[in-house]
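Below is one structure, written out as structure tokens; the observations come after it.
What's counted below: heavy atoms across the whole structure, side chains too, no hydrogens, waters or symmetry copies. Quantities reported herein were computed from a predicted structural model and do not represent experimental measurements. Each ligand, and each atom within it, is numbered from 1 in the order the structure gives. Numbers for residues simply follow the sequence, beginning at 1.
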Amino acid sequence: MTTAEPKIAIRNVSFDYVSEKKAFPALQNVSLEIREGEFICLLGASGCGKSTLLSLLNGLQRPRSGEITLNGKPVKGPGIDRAVVFQQYSLFPWLTVKGNVLFGIRQSGKKYSRKEREDLAHRYVEQVGLTAAADRYPSQLSGGMKQRVAVARALALESEVLLLDEPFGAIDPKLRLELQELVSRLCVEHRRTVVFVTHDLDEAILLADRIVVMAPGRIRNTLPVSLPHPRVREELIRTEEYEKLHRQLIMAFYDQVEETIDAGVAL
Ligand code: ADP
Ligand code: MG
């Protein structure tokens, strides 16, 4: 996008978790602008505040100070303009694979006929390679299959923004590679604006247009990834840019080993 208005703007956002009259700062003065169609990977060690930032973007929680806007308007709560995929599969157990995807389509609020909804569900199920399992229930699926359904359902919502929190964290390495390439391809195809949380360096390089490295409570630095999409891992890992990015990211992690955020302060 060439216009000046960012799709998402995070401006000086701070957030505390409060318990027993103490405030534990989780984010301090975080600012980030995300362009339309951009794929952002939030990368950082456990406890940095990645999930917190995602829940603020989703509107489940509100900043203590600062502001988050989507299309120039403040985010005040969850909305169908933002689809979320959590680390734990959040499928409806009483719906089949197709039923879960149909749910996403209904949520999109678009006025489809029954036939159009069915066709769309069929297409999304096909795109994640689950046509043969379309009538199965979540309890009859492997972890990787469930996660594919969650991705298909989120895409079916046809929201402008996709928020994914370590969606492949619990998936075995081979399937993980497949799902990464799938998400990369589908998000480019569907031109979604994506914020994808991960602690996996390779995953970030494969997927992101920009990698945002977090240190506890703040953004440490951002690294643009100029490799063209779609990216194929076997080709990617032979490029000089991949090696350079990998080195930079490893150094970013080494540098922050000693860093921790302030302890809780009494209110
Ligand atoms: P990440 O996703 O990067 O692992 P989180 O956003 O989950 O990090 O957490 C950031 C910080 O906030 C951590 O120190 C974590 O312990 C703390 N935290 C997260 N959720 C809560 C909560 N519900 N109550 C209190 N502290 C929390
Ligand atoms: Mg997290």
Please indicate whether any nitrogen or oxygen in Cys48 is less than 3.5 Å from any nitrogen or oxygen in ligand 1.
yes
Could you walk me through whether Leu162 and Leu164 pass the side chain to side chain contact (heavy atoms under 4.5 Å, CB included) check?
CA-CA 6 Å; Leu162 263 175; Leu164 303 105; 4.1 Å; yes
Could you list which atoms of ligand 1 come closer than 4.0 Å to a heavy atom of Thr52?
5 (P), 6 (O), 9 (O), 10 (C)
Does ligand 1 have any atom that is closer than 4.0 Å to a heavy atom of Ala45?
yes
Judged by non-hydrogen atoms, does Gly49 sit under 4.0 Å from ligand 1?
yes
Just checking Lys110: does its NZ atom have more than 12 heavy atoms from other residues, nucleotides or ligands closer to it than 6.0 angstrom?
yes
Looking only at heavy atoms, what is the nearest atom pair of Glu181 and Arg233, with distance?
OE2-N, 3.2 Å
Ring geometry between Phe92 and Trp94 (parallel below 30°, tilted from 30 to 60°, perpendicular above 60°)
tilted
Any N/O/S atom, backbone or side chain, of Ser46 lying under 2.8 Å from the Mg ion (ligand 2)?
no
For Ser19, is the nearest heavy atom under 4.0 Å from an atom of ligand 1?
no
Under the 3.5 angstrom rule, does the side chain of Asp209 hit a backbone N or O of Phe39 as a donor-acceptor pair?
yes
